[in-house]
Asker: 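Next up is a structure, given as structure tokens.
Lettering of chains follows the sequences in order, A, B, ..., and the numbering in each one begins at 1. Treat the numbers as computed from the prediction; the structure is a model and nothing was measured.
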There are 2 protein chains.
Amino acid sequence: MNQEIQIQDVSMEKFFEKYEAKFKALADKKRLQIMNILTQKGEMCVCDLAPLMEMAQSKLSYHLKILLDANIISKETRGTWSYYQINQDEINHMLSHELCCVFKPSC
Amino acid sequence: MNQEIQIQDVSMEKFFEKYEAKFKALADKKRLQIMNILTQKGEMCVCDLAPLMEMAQSKLSYHLKILLDANIISKETRGTWSYYQINQDEINHMLSHELCCVFKPSC
DNA sequence: TTTTTTAATCAAATATTTTTGATTAAAAAC
DNA sequence: GTTTTTAATCAAAAATATTTGATTAAAAAA
């Protein structure tokens with residue numbers, strides 16, 4: 001209990017809410033698969049990811065938004081295309097080293 | 001991609017399903033708070049945890065079961081009492097060192 | 001033995017999340 | 001300029017998860 005965040009109950013409440021949202025984003029096998037693909041491929045647009053995931057575009061966009069809102073992935077728009085990539089820092093701060101090979105390209 | 005688990009798509013599927021369940025268990029602020037209390041107190045029975053969480057017994061048992069099924073906590077029954085404690089190993093294998101102070105008593 | 005305490009489970013109600021198909025807006029291609 | 005491609009968003013439907021209050025079973029206390 002030596003971090004600022006955890007000094008008071010009010011802060012703890014905020015902390016738990018923050019991680020609730022982050023873990024919620026991770027709590028779906030399709031989203032974990034998306035993360036795994038983005039880790040391997042480095043960067044992908046929705047139009048290439050959709051057939052790979054065998055997922056309708058609107059459904060994929062829904063899941064990408066959840067990961068994006070949780071700061072687990074990031075987006076770069078070029079022209080009409082949206083390119084998504086994994087947010088390596090966020091993964092490192094959340095997950096154990098043991099999960100590295102799935103969500104870290106360096107493994 | 002150097003772990004057995006990740007050699008084939010079939011294995012990956014299982015792997016993602018396993019972690020979906022685990023992250024789902026973590027994806028609730030009340031459950032994170034339960035985990036935090038168990039980390040601090042070491043061991044607690046439902047009857048002591050319920051007033052601390054300001055939660056009805058049936059509701060608390062529901063949340064404890066989710067954590068138990070995900071192997072995040074474990075249970076020991078003595079008499080009519082059920083004592084729950086955090087599963088330190090599981091936490092270590094899942095979460096980053098940075099989350100240690102919340103869910104590891106050693107921090 | 002009877003009563004009380006403990007905690008799991010159940011079914012119904014409620015709330016939340018996900019899926020689906022359609023619409024929209026913007027940029028690219030023609 | 002018109003058509004096509006790309007991807008976000010929307011609203012309704014479907015699927016899941018959570019809450020609630022009651023019931024149950026087992027052990028403890030009286």
Asker: Tell me, do A:Phe16 and B:Asn36 make a side-chain contact under 4.5 Å, heavy atoms counted?
Answerer: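 Side chain of A:Phe16 against side chain of B:Asn36, heavy atoms only: contact under 4.5 Å found.
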
Asker: Indicate the atoms forming the closest heavy-atom contact of A:Ile86 with A:Leu38, along with that distance.
Answerer: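 The answer is N-CB, 4.2 Å.
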
Asker: In degrees rounded to 10°, what angle is found between the helical axes fit to the five outermost pairs at each end of the helix from C:dT1-D:dA30 to C:dC30-D:dG1?
Answerer: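 Inter-axis angle at the termini of the helix from C:dT1-D:dA30 to C:dC30-D:dG1: 10°.
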
Asker: Given the rule in the side-chain contact (heavy atoms from CB on, under 4.5 Å) test, do B:Phe15 and A:Leu32 qualify, once you have shown the distances and angles that lead to the verdict?
Answerer: CA-CA 10 Å; B:Phe15 179 87; A:Leu32 291 174; over 6 Å; no

Asker: Which pairs would a plain distance check flag for residues 75-84 of chain B, meaning a side-chain donor or acceptor within less than 3.5 Å of a matching protein atom at least two apart in sequence or in another chain?
Answerer:
| residue | atom | partner | partner atom | Å |
| --- | --- | --- | --- | --- |
| B:Glu76 | OE2 | B:Arg78 | NH1 | 3.0 |
| B:Arg78 | NH2 | B:Glu43 | OE1 | 3.3 |

Asker: What parts of residues 19-33 of chain B reach DNA chain D, counting only heavy atoms under 4.0 Å away?
Answerer: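 Result for residues 19-33 of chain B: B:Lys24, B:Arg31, sorted by number.
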
Asker: In Å and rounded to the nearest 0.5 Å, what is the CZ to CE distance from A:Phe103 to A:Met35?
Answerer: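 With rounding to 0.5 Å, CZ (A:Phe103) is 4.5 Å from CE (A:Met35).
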
Asker: In whole angstroms, how far is the P atom of C:dT19 from the CG atom of A:Leu60?
Answerer: 11 Å

Asker: Would you mind reading off the distance between B:Leu49 atom CG and C:dT6 atom P, rounded to a whole angstrom?
Answerer: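 Atom CG in B:Leu49 sits about 14 Å away from atom P in C:dT6.
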
Asker: Give the rounded distance in Å between these two atoms: OH of A:Tyr83 and P of C:dA27.
Answerer: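 Those two atoms, OH and P, are 15 Å apart.
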
Asker: What is the distance from CG of A:Leu68 to P of D:dA7, rounded to the nearest Å?
Answerer: 14 Å

Asker: Which residues pass the side-chain contact (heavy atoms from CB on, under 4.5 Å) test with B:Glu17, sequence neighbours left out?
Answerer: A:Lys29, B:Glu13

Asker: To the nearest 0.5 Å, tell me how far A:Leu67 CG sits from A:Asp28 CG.
Answerer: 8.5 Å

Asker: By salt bridge (charged side-chain N to carboxylate O under 4.0 Å, His left out), which residues pair with B:Lys22, not counting sequence neighbours?
Answerer: B:Glu90

Asker: Do nucleotides 25-30 of chain D as a string where each nucleotide becomes B, S or -: B if the base has a protein heavy atom under 4.0 Å, S if just the sugar-phosphate does, - if no protein is that close.
Answerer: -BSS--

Asker: Does the side chain of B:Met44 come within less than 4.5 Å of B:Ile34's, by heavy atoms?
Answerer: no

Asker: So, taking the atom named OG in A:Ser74 and the one named CD in A:Gln88, what distance separates them when rounded to the nearest 0.5 Å?
Answerer: 10.5 Å

Asker: Please encode protein proximity along nucleotides 9-14 of chain D as a string of B, S and -, counting only heavy-atom distances under 4.0 Å.
Answerer: B-----

Asker: Counting any heavy atom closer than 4.0 Å, what does B:Ile66 reach on the DNA or RNA strands: base, sugar-phosphate only, or nothing?
Answerer: sugar-phosphate

Asker: For B:Glu76 and C:dA7, give me the distance from atom CD to atom P, rounded to whole Å.
Answerer: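 Distance check: B:Glu76 CD to C:dA7 P gives 13 Å.
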
Asker: What is the distance, to the nearest angstrom, from the CE atom on B:Met53 to the C1' atom on C:dA7?
Answerer: 17 Å

Asker: When rounded to the nearest 0.5 angstrom, what is the spacing between CD1 in A:Ile72 and CE in A:Met94?
Answerer: 5.5 Å

Asker: Under 4.0 Å from OP1 or OP2 of D:dA8: is there any side-chain N or O of A:Ser82 that close?
Answerer: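 So the side-chain polar atoms of A:Ser82 do come within 4.0 Å of the phosphate oxygens OP1 or OP2 of D:dA8, strictly under.
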
Asker: Please name all residues satisfying side chain to side chain donor-acceptor pair (under 3.5 Å) with B:Asn87, sequence neighbours left out, ordered by chain then number.
Answerer: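 Listed in chain order: B:Asn71.
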
Asker: What residues form a side chain to side chain donor-acceptor pair (under 3.5 Å) with A:Lys24, not counting sequence neighbours?
Answerer: none

Asker: Roughly, in whole Å, what's the span from CG in A:Asp69 to C1' in C:dT18?
Answerer: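 After rounding, the gap between these two atoms is 15 Å.
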
Asker: Let me check something: any side-chain donor-acceptor pairs from residues 52-66 of chain B under 3.5 Å, sequence neighbours excluded? List them with distances.
Answerer:
| residue | atom | partner | partner atom | Å |
| --- | --- | --- | --- | --- |
| B:Gln57 | NE2 | B:Ser61 | OG | 3.2 |
| B:Ser61 | OG | B:Gln57 | O | 3.4 |
| B:His63 | ND1 | B:Arg31 | NH1 | 3.0 |
| B:Lys65 | NZ | B:Asp69 | OD1 | 3.4 |
| B:Lys65 | NZ | B:Asp69 | OD2 | 3.0 |

Asker: Whole Å only: how far is the NE2 atom of B:His63 from the C1' atom of D:dT20?
Answerer: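 Between C1' of D:dT20 and NE2 of B:His63: 12 Å.
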
